[in-house]
Amino acid sequence: MPNGGRSNYFTVREAATVLNVNTDTISRAVRVGTMRAVRRRGRLVIPANALVRLLGRPTDDGRKSGSRP
């Protein structure tokens with residue numbers, strides 16, 4: 001498999017788990033346009049590259065997401 005068996009999309013629940021937030025937060029972000037989502041087989045899913053971009057953004061205090069002080 002070209003992508004190592006990994007999906008190119010995350011469900012709203014999976015994205016919430018990765019980002020450690022509530023599913024309502026992901027749904028709201030999609031609704032207001034701060035997170036990209038598409039429909040696949042009738043389900044709303046988050047493209048993996050959208051999560052990668054979000055995780056790579058600096059936080060409010062100037063550190064990269066996931067970095068330690």
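From a predicted model like this one, the values you see are computed outputs, not experimental measurements. Heads up: numbering here begins at 1 and tracks the sequence.
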Check whether any side-chain N or O of T34 sits under 3.5 Å from a backbone N or O of V30 as a donor-acceptor pair, and report yes or no. no

What closest approach, in Å, do P47 and A37 show between heavy atoms, and which atom pair accounts for it? CD-CA, 4.1 Å

Between CG of N49 and CZ of R36, what distance do you get to the nearest 0.5 Å? 5.0 Å

Provide the closest heavy-atom pair for E14 versus Y9 in the form atom of the first, atom of the second, distance. OE1-O, 4.2 Å

Nearest-0.5 Å distance, CG of residue L44 to CZ of residue R31: 11.0 Å

Can you get from L54 to V12 by hopping between Ile, Leu, Val, Met, Phe, Trp and Tyr side chains that sit under 4.5 Å apart? yes

Sidechain-backbone polar pair: T25 side chain, V21 backbone, donor-acceptor under 3.5 Å: no

In this structure, would F10 and L55 fall into the same cluster of hydrophobic residues linked by side-chain contacts under 4.5 Å? yes

Nearest-0.5 Å distance that lies between atom CG in L51 and atom CE in M35: 5.5 Å

Atom CG of N22: over 12 foreign heavy atoms under 6.0 Å: yes

